[in-house]
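Note that the coordinates shown come from a computational prediction; the quantities given were computed from them, not determined experimentally.
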Amino acid sequence: KWRPNNRMFRCELCAVTVPLDAASQQLHEQGSKHRAAVQRQDEASRTVFCRGKLPCSQWYTPQAKAALAVFGAVERIDPGPPEKTFAFAVFERREAAEAALHAAKITIEDHVIHLQPKKAPAHSSPAPPPPQTSPQRQAPAVLLQGACLLEQMKQLASLCTLRPAQQTARDTAVGDLARVLAALSSHPNPEGLTQVFGSGSSGLAALDSDVDVSVNLDRAEIGAAFQLLRKSSAFSFVVHIKSQHCPLLRAVHTPTQVRLDITFSNNLAVENTRLIRQYTLVQPSLRCLFAVVRHWAKQHELKLSGYTVTLLLIQYLQVRGILPNLQRLATGADKPHSPAAASPACGAAAWQCSQCHADLVQRPKRARMPPADSRDAELVHGWDCRFCSHQPELLGQGEGAADPLPLPDVLFRGFLEFYAAFDFAEKAVSVRSGQPISRDILHLEFKRSAVCVEDPFELSHNTAQNLTSASDLSHLLQHDAEVLKATDDLRALFQPPATEAAVAAAQTVHNTEKHEKKEDKTTKKSTNNNKKKKNKNNKKRSVCVCV
């Protein structure tokens, strides 16, 4: 099964990705790995698991094969270990296996044998059903029919938005989860036991995204919660994923088929979601831009989470002066309460919040931080999670302050150009600071990688640590910026057409790589032979010296 994805083809059978052209696809299908996978899949569809009390030695008798041959020709019978009483019957045709499964049981030498599909290995987790494919991931080039880039962005954003029925299904799944887990808590209100975080709460959820839920229980209760969900008829495909950093449960809500990722006491993630949601509420007209940028990153299969991509976009809008620094407004670190006091890094405008300013004025003059009691309440796992939760006000700066907000298409082009020229080797993205900062002043425990994106609250966490190459990201951004500038068409980014020249180029590259591998093998063999000859000569010389 092939799944087209932007410039690549995804072979679901081999779990590999190849370029989007006929030559690369044909080369992969002719490979030994793909042919072996096809053969295994075909044999699994013709195999039936036979379970009963028939001893292992009797599965080799003609009577056993004759009893199974009623459904069709049997290729072979593979009995289990000597101490077991099961076997695998491989038929020559798939229809024969289906007929055997439909019969469900047979009798061999007065033993009742149950016929079942071939089971997965005991160590593998049950595979949940595939998520609902959203329309914008099926055929973006067909669905986006806008005449200009702005119209296409608005159309794509509308396709990404959850429908009321889908939001109701998500709420129902979270409510049922709270009622099932209420047995583990003394909380008077079961619905207060769970908190939705991530894109499902920030308003940026895609149609095929999971629902991230944080349960207000200690992580030691995860085993008991796992057993409760397995026994409940409202949930299926319950899996316990053990992780030292953040263990979680995955489950599917059976009535609505909504997927849930369940964590415990994940309070930092909840605070991060509140911050992202507040940034999107400052400029509601830019919600279209957030949806398009997240979809762009997903289509390119970047090793960046939607949360990281959102932080990248917020940083760009902060540098442009379109979004404020909500954390500095709440802590009083930034005080541009007059246009003249605005920092040049804030762009063409400065921000203030009258309510946050009033709270700062009421505090003691000697204490810049809030009192100890309130400060402890704002600390989550030891990190300061304060930010402005009100609607900040925009202060003008000079004559150009009254400029209207740039359109989303202009900002999307600017986003691509900004990070295409970004110096990832020297700077890090920091929404907390409101502008890029030097990598040298990051937290001591910060995990540096090719791209550094600082978490707004947990300063030691690099949200982009899985990305291994900054140059590939820069080349992609530069390429897409040039394509968008030349075509002004969003469809050119998501599904470029494959040309005959691209097919020929892929074939040439493959032949070149194959030739280089052969040359490497021959050079290695020659070097090894030379080493062996030298060793033999040295041994002969040493023998002569000894004599």
Side-chain angles (χ1 to χ4, degrees), residues 5-6 130-175 195-213 253 256-261 269-270 272-302 304-314 316-317 322-323 391 405-413 415 484 489-491 493-495:
N5 190 353
N6 196 22
Q132 252 185 349
T133 305
S134 55
Q136 76 274 14
R137 286 185 66 86
Q138 291 177 0
V142 177
L143 294 175
L144 300 180
Q145 301 296 338
C148 64
L149 177 61
L150 181 59
E151 292 181 6
Q152 292 174 356
M153 291 179 65
K154 291 180 178 179
Q155 188 178 5
L156 179 59
S158 65
L159 291 172
C160 295
T161 306
L162 290 176
R163 307 297 183 263
Q166 294 165 335
Q167 187 60 49
T168 302
R170 288 169 171 246
D171 295 340
T172 303
V174 175
Q195 289 180 291
V196 179
F197 67 94
S199 60
S201 179
S202 63
L204 303 175
L207 297 181
D208 54 356
S209 61
D210 301 340
V211 180
D212 299 315
V213 184
H253 187 239
T256 61
Q257 292 298 302
V258 172
R259 293 175 166 226
L260 299 174
D261 285 350
V270 175
N272 285 331
T273 303
R274 291 181 58 238
L275 177 65
I276 297 298
R277 181 175 180 82
Q278 188 61 30
Y279 272 116
T280 60
L281 293 176
V282 172
Q283 298 286 7
S285 61
L286 296 182
R287 201 172 280 268
C288 161
L289 178 64
F290 280 92
V292 170
V293 171
R294 288 168 65 96
H295 178 75
W296 169 84
K298 184 181 291 186
Q299 286 291 311
H300 284 288
E301 289 191 342
L302 299 178
L304 297 174
S305 62
Y307 173 59
T308 302
V309 175
T310 305
L311 292 179
L312 291 172
L313 179 56
I314 291 174
Y316 165 69
L317 296 176
I322 297 172
L323 285 181
Q391 185 68 22
L405 186 68
L407 293 175
D409 58 339
V410 177
L411 294 175
F412 183 46
R413 292 192 191 95
F415 169 81
L484 207 58
D489 193 343
L490 198 61
R491 293 169 293 187
L493 300 184
F494 294 153
Q495 197 171 5

Requested in this report: Using the six-membered ring wherever Trp is involved, compare the ring planes of Phe412 and Phe415 and label them parallel, tilted or perpendicular (cut-offs 30° and 60°).
Outcome: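 Plane angle under 30°, so parallel.
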> Who pairs with Arg287 by salt bridge (Lys or Arg N to Asp or Glu O under 4.0 Å), at least two apart in sequence or on another chain?
Replying inline: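 Listed in chain order: nothing, the list is empty.
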At what distance, to the nearest 0.5 angstrom, does [atom1] of [X] lie from [atom2] of [Y]?
X: Gln167; Y: Thr161; atom1: CD; atom2: OG1; value: 11.5 Å
X: Ile314; Y: Leu275; atom1: CD1; atom2: CG; value: 6.5 Å
X: Cys148; Y: Met153; atom1: SG; atom2: CE; value: 10.5 Å
X: Leu493; Y: His300; atom1: CG; atom2: NE2; value: 6.0 Å

If you look at every heavy atom in [X] and [Y], which pair is closest and at what distance?
X: Gln283; Y: Ile322; result: NE2-O, 3.3 Å
X: Thr256; Y: His253; result: OG1-ND1, 2.6 Å
X: Val213; Y: Phe197; result: C-CE2, 3.6 Å
X: Ala157; Y: Cys288; result: CB-CA, 3.9 Å
X: Leu490; Y: Gln152; result: N-OE1, 2.6 Å
X: Val309; Y: Ala297; result: CG2-CB, 3.6 Å

- Please test Leu317 against Leu289 for side chain to side chain contact (heavy atoms under 4.5 Å, CB included), starting from the C-alpha separation and ending with a verdict. CA-CA 11 Å; Leu317 296 176; Leu289 178 64; 4.3 Å; yes
Sorted by chain and residue number, the side chain to side chain donor-acceptor pair (under 3.5 Å) partners of Ser201 (sequence neighbours excluded) come out as none
Check your understanding: Do Tyr279 and Leu286 touch side chain to side chain, with heavy atoms closer than 4.5 Å?
Key ->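 Answer no - side chains too far apart.
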ask   = Got Asp212 and Thr273 here, is their nearest side-chain heavy-atom distance under 4.5 Å?
value = no
In Arg294, Arg259, Lys298, Arg170, the residue satisfying side chain to side chain donor-acceptor pair (under 3.5 Å) with Ser209 is Arg170
From the list Asn272, Leu304, Thr280, Ile276, side-chain contact (heavy atoms from CB on, under 4.5 Å) with Thr310 holds only for Ile276
Contacts of Tyr316 meeting ring-ring contact (aromatic ring centres under 6.0 Å, His included) (sequence neighbours excluded), chain-then-number -> Phe418
